[in-house]
Amino acid sequence: MSDEILYEKRDGVALITLNRPEKLNAITDEMLADFINVTNESMIDDDVRAVVLTGEGRAFCAGTDVSAGIARDHAAAAVERTKRIKPVELPESTLPGLWTLTRIPKPTIAAVNGAAVGVGVEWTVQCDFRIASHEAKFGWVFALRAITPDTGAGPYLLPYIVGLPKALELMYSGRIIGAEEALEIGLVSEVVDKTDLVDRAVAFANELTAGAPLAVKGIKELTYGSLEWPPSVFDGHKTSMLQATSNSEDAQEGVDSFLQKRTPRWRGR
């Protein structure tokens with residue numbers, strides 16, 4: 001893996017850093033393949049309880065690097081990218097393959113340090129939560145390039161976050177908004193100083209991992225599944241998930257720890 005995608009673990013939180021600051025973290029084919037490799041790793045690593053994505057330097061991600069050819073021939077790029085991606089057995093998911101971050105069965109947080117446009121802004125809404133620095137900016141500039149959002153996360157997920165009219169306004173106009181407006185419309189949950197951003201995101205991730213891993217995974221699967229399933233289908237999945245989690249070792253640990261007035265020791269099974 002190149003040093004343009006950094007991956008480290010901090011007490012159960014995987015920190016993924018886009019590390020091409022001299023190019024505003026614009027994504028090349030090689031970076032995209034490595035990004036898929038590390039997100040895949042975070043999915044299957046039981047020691048990882050949550051994931052934080054951020055960028056190095058003054059930008060979060062300036063989108064795809066068109067000068068590197070990534071946007072010119074999608075089919076050829078996909079073939080070359082596949083050669084670089086490590087084969088792993090991933091959990092089944094009904095979510096689109098390009099929603100890499102949404103498919104992670106754990107809490108995901110975008111720590112947006114600077115400008116996020118193109119695929120970068122799409123990745124922010126693929127995350128469950130967004131925390132921004134005061135320097136953060138968000139822009140669905142695709143229409144200004146005569147294309148639709150590449151991963152489809154904007155058209156599908158953004159209306160659930162900010163409401164349909166506001167989502168369409170942002171995508172139609174390509175207008176870039178700052179951190180304070182993003183907070184006002186509910187796109188981000190917090191705005192903090194840039195020097196505190198990653199630490200705050202990791203701390204928030206730790207707050208989200210108090211529950212049992214299987215229960216958190218089930219909640220995420222049911223929540224995103226409910227965007228697609230009718231109530232009758234959702235009810236079946238809900239019943240199956242409740243039975244599976246109720247029969248887990250962690251469910252018994254949840255009862256025992258409550259009765260014994262101690263902190264639960266989750267084992268993920």
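Given the structure is predicted, the values throughout are model-derived calculations rather than measurements. Starting from 1, each residue takes its place in the sequence as its number.
In this structure, the side chain of Thr223 does not engage the main chain of Lys220 through any donor-acceptor pair within 3.5 Å. At least one donor-acceptor pair under 3.5 Å links the side chain of Arg103 to the backbone N or O of Leu95. With hydrogens and angles disregarded, a donor-acceptor distance shorter than 3.5 Å links the side chain of Ser42 to the backbone of Thr39. Arg130 places a side-chain N or O within 3.5 Å of a backbone atom of Leu187 that can act as its donor or acceptor partner. Between the Glu135 side chain and the Arg58 main chain, no donor and acceptor come within less than 3.5 Å of each other. Formation of a donor-acceptor pair under 3.5 Å by the Asn113 side chain with backbone atoms of Gly57 is found in this model. Panel note: side chain Thr54, backbone Ala111; a donor-acceptor pair is recorded below 3.5 Å. No donor-acceptor pair closer than 3.5 Å links the side chain of Ser133 to the backbone N or O of Asp193. Side chain of Thr102 to main chain of Gln126: a donor-acceptor pair is present (N/O by atom type, distance under 3.5 Å, no hydrogens or angles).
Sorted by first and then second residue, the pairs that involve residues 210-262 and meet ring pair (Phe, Tyr, Trp, His ring centres under 6.0 Å), not counting sequence neighbours, are Trp229-His237.
Leu242 CG to Asn247 CG: the interatomic distance, rounded to the nearest 0.5 Å, is 9.0 Å. With rounding to the nearest 0.5 Å, the separation of CZ in Phe142 from CD1 in Ile147 is 6.0 Å. Here OG of Ser240 is found 10.0 Å from CD of Glu221. Values are rounded to the nearest 0.5 Å. In this structure, Asn25 CG and Arg20 CZ are separated by 8.5 Å, a value rounded to the nearest 0.5 Å. Between Leu222 atom CG and Ile219 atom CD1 the span is 8.0 Å, to the nearest 0.5 Å. For the atom pair CG of Leu15 and NZ of Lys9, the computed distance is 12.5 Å after rounding to the nearest 0.5 Å.
Salt-bridge formation is detected for the pair Glu181/Arg175: a Lys NZ or Arg NE/NH1/NH2 atom is positioned less than 4.0 Å from an Asp or Glu carboxylate oxygen. Ion pair Glu190/Arg200 flagged as a salt bridge, since at least one NZ, NE, NH1 or NH2 atom sits closer than 4.0 Å to an Asp/Glu carboxylate oxygen. For Arg145 and Asp150, the salt-bridge test fails: no basic side-chain N is under 4.0 Å from an acidic carboxylate O. Between Arg269 and Glu253, no side-chain nitrogen of the basic residue sits less than 4.0 Å from a carboxylate oxygen of the acidic one, so the salt-bridge criterion is not met.
The two residues Asp65 and Ala26 have their closest heavy-atom pair at CB-CB, 3.9 Å. The two atoms that bring Ala136 and Ala132 nearest to each other are CB-CB, 3.7 Å, heavy atoms only. Shortest non-hydrogen contact noted between Gly120 and Phe60 is O-CE2, 3.4 Å. The shortest non-hydrogen separation linking Trp140 to Gly154 is NE1-CA, 3.7 Å. Of all non-hydrogen atoms in Val191 and Ala179, the two that sit nearest each other are CG2-O, 3.7 Å. The two atoms that bring Lys23 and Ala62 nearest to each other are O-CB, 4.5 Å, heavy atoms only.
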**Request:** Tell me, with the steps shown, if Lys106 and Asp45 meet salt bridge (charged side-chain N to carboxylate O under 4.0 Å, His left out).
**Result:** CA-CA 11 Å; Lys106 304 163 186 182; Asp45 186 345; over 6 Å; no
**Asked** Please walk me through it: do Leu168 and Leu164 pass side chain to side chain contact (heavy atoms under 4.5 Å, CB included)?
**Response** CA-CA 6 Å; Leu168 289 174; Leu164 181 61; 3.9 Å; yes
**Request:** Take Leu53 and Thr108 through the test side chain to side chain contact (heavy atoms under 4.5 Å, CB included) and record every step on the way to the result.
**Result:** CA-CA 8 Å; Leu53 173 66; Thr108 52; over 6 Å; no
**Request:** Show your reasoning for whether side chain to side chain contact (heavy atoms under 4.5 Å, CB included) applies to Leu208 and Ile109.
**Result:** CA-CA 10 Å; Leu208 301 172; Ile109 302 164; 4.0 Å; yes
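No option in Ser257, Pro264, Pro213 other than Pro213 meets the side-chain contact (heavy atoms from CB on, under 4.5 Å) test with Asp250. Here the rule is side-chain contact (heavy atoms from CB on, under 4.5 Å) with Leu6, and of Ile16, Asn19, Leu18 only Asn19 fits it.
Residues Trp99 and Glu122 bring no donor and acceptor atom of their side chains to less than 3.5 Å of each other.
Hydrophobic clustering, defined by side-chain heavy atoms of Ile, Leu, Val, Met, Phe, Trp and Tyr closer than 4.5 Å, leaves Leu24 isolated from every other such residue.
Note on ring orientation: taking the six-membered ring where Trp is involved, the planes of Phe35 and Trp123 are parallel (angle under 30°, cut-offs 30° and 60°).
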